[in-house]
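Structure, as structure tokens:
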Amino acid sequence: MLQDFLSEHQPKETLGTGASVSFMCEDALALYREFKSRGIQTRKRPFVGNRLWVVPLTDPDGYRFGVRKPNRCAEESELAE
């Protein structure tokens with residue numbers, strides 16, 4: 001469960017500091033293409049990290065998260081467009 005902070009308990013740190021949320025999915029690159037077609041910006045192009053395609057995103061509140069899918073591409077590869 002994710003919850004908003006009460007106004008009197010807002011952290012002083014940047015939102016999302018120290019946290020990483022990732023969602024495993026069937027096809028991270030298909031999601032990337034869908035996001036792009038709808039004008040949703042990613043933090044950078046999809047890349048391979050820890051043998052996973054990673055699509056890094058930021059939600060409207062500034063929290064960082066990603067969608068990921070296992071793959072067999074070389075580490076640190078980036079999606080060529």
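The shown structure was predicted, so the numbers you read here are calculated from the model rather than taken from an experiment.
The backbone N or O of Asn71 lies less than 3.5 Å from no partner atom in the side chain of Arg51, so there is not a single donor-acceptor pair. At least one donor-acceptor pair closer than 3.5 Å links the side chain of Asp27 to the backbone N or O of Leu29.
Hydrophobic cluster membership differs between Tyr63 and Val54, with clusters built from Ile, Leu, Val, Met, Phe, Trp and Tyr side chains linked at under 4.5 angstrom. Note on Leu31 and Phe23: same hydrophobic cluster, where clusters join Ile, Leu, Val, Met, Phe, Trp and Tyr whose side-chain heavy atoms are under 4.5 Å apart, directly or indirectly.
Closest of all the heavy-atom pairs between Glu26 and Lys69 is O-CE, 2.8 Å. Minimum interatomic distance between Pro56 and Thr42 (heavy atoms only, all atoms of both residues): O-CB, 3.3 Å.
Thr58 and Arg64 form no side-chain donor-acceptor contact under 3.5 Å, judged by distance and modelled atom types alone.
A 6.0 Å sphere centred on CZ of Arg38 holds no more than 12 heavy atoms belonging to other residues, nucleotides or ligands.
Atom CE of residue Met24 and atom CZ of residue Arg68 lie 8.0 Å apart, to the nearest 0.5 angstrom.
With a 4.5 Å cut-off on side-chain heavy atoms, Val67 and Ser22 do not count as touching. Proximity of Phe47 to Leu79: side-chain heavy atoms (C-beta onward) are nowhere separated by under 4.5 Å. Residues Pro70 and Trp53 fail the side-chain proximity criterion, which asks for heavy atoms closer than 4.5 Å.
With sequence neighbours left out, the side-chain hydrogen bond (donor to acceptor under 3.5 Å, both in side chains) criterion links Arg33 to no other residue.
Relative to the six-membered ring of Tyr32, Lys36 misses at least one condition, a distance below 6.0 Å or an angle of at most 45° to the axis.
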